[in-house]
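Structure record follows, encoded as structure tokens.
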Amino acid sequence: MREILRVERLGKNHGGYHGETIDIRAVLRDIEAAAQHHGWTSESFGQQGEFSLIALHRTCRDEAKRRRIYLSTGIHGDEPAGPLAGLKLLQENRWPENAELWFCPCLNPTGFVLNRRENADGKDLNRDYRHLETADVRAHIAWLEHQPRFDLYLCLHEDWEAHGFYLYEQNPGQQPSLAEIIIGAVQKVCPIDPSEIIEDRPAKNGIIRPNLDPRTRPQWAEAFYLIMNKAQLGYTLEAPSDFPLATRAAALTTGIHAALEKFASV
Ligand SMILES: [Zn+2]
């Protein structure tokens with residue numbers, strides 16, 4: 001018998017995110033401690049106010065079947081589920097043997113101090129990957145340019161207007177899709193957004209496959225930069241901010257595990 005998932009909406013978000021917040025300094029300390037404990041290397045690629053912008057790297061044991069996977073989150077400071085999910089993933093340390101991982105766990109720490117989407121200068125960093133007007137994004141891209149190409153990227157976000165979890169797929173090479181696998185796993189822990197239009201794009205069962213050429217877009221999100229320069233397959237996971245923070249973090253960790261288990265365990 002199919003269980004019915006019941007998670008109550010909080011009804012707190014009117015005109016923006018008004019839910020729980022996190023102590024980003026403590027979360028980043030715990031992230032670095034968990035990464036170090038489990039043998040990741042940590043590199044600072046920039047400075048944002050008092051914070052180092054960090055990238056973590058984990059080599060894989062099975063090099064012959066290596067899959068290179070890039071994860072990032074924390075580019076929007078009013079989306080706390082991403083860094084929390086990252087911390088949980090690092091603490092669990094449950095990764096496929098053949099996954100080599102690069103992880104930027106918080107691309108906009110000053111945004112979290114202010115609980116707002118933009119950085120301390122009021123810039124939405126996730127619109128700056130085409131014109132590189134901010135030092136934060138320039139530093140991130142300079143770091144990305146020194147990394148190899150990835151086989152898969154996964155960017156973790158939240159949406160305060162969403163009615164449930166959803167994702168964007170970019171798959172110009174028509175590789176086997178991970179979208180249904182991610183949705184199938186996440187729906188056990190978090191409702192899926194049933195809307196047929198999400199963020200002005202057609203959606204089906206929480207899956208958006210934007211049919212557009214990034215070159216036609218005036219501004220680029222990180223995901224556009226990645227698909228144009230670093231990877232042929234990737235997903236942006238969007239947790240619904242109007243549900244409890246623990247539910248949203250669980251949605252993101254569950255989605256990542258489902259994607260990695262399918263993609264890397266070959
Ligand atoms: Zn976001």
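Quick caveat, the model's predicted, so the values are computed rather than measured. Start at 1 and go down the list; that is how both ligands and their atoms are numbered.
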- Task: Please state whether the separation between the Zn ion (ligand 1) and some N/O/S atom of E79 is under 2.8 Å?
- Result: yes
- Item | Nearest to the Zn ion (ligand 1) - the N/O/S atom of H157, by atom name | ND1
- Message: Checking side-chain polar atoms at under 3.5 Å, does R209 have a donor or acceptor matched by the opposite partner on S177?
- Response: yes
- N, O or S atom within H76 nearest to the Zn ion (ligand 1), by name: ND1
- Query: Parallel, tilted or perpendicular: which describes the rings of Y129 and H140, with under 30° parallel and over 60° perpendicular?
  - Reply: perpendicular
- Test item: side-chain donor near acceptor, Y235 and N171, under 3.5 Å: no
- Item | E79 and H157: CA distance, side-chain angles, deciding distance, side chain to side chain contact (heavy atoms under 4.5 Å, CB included) verdict | CA-CA 6 Å; E79 300 177 8; H157 283 257; 3.3 Å; yes
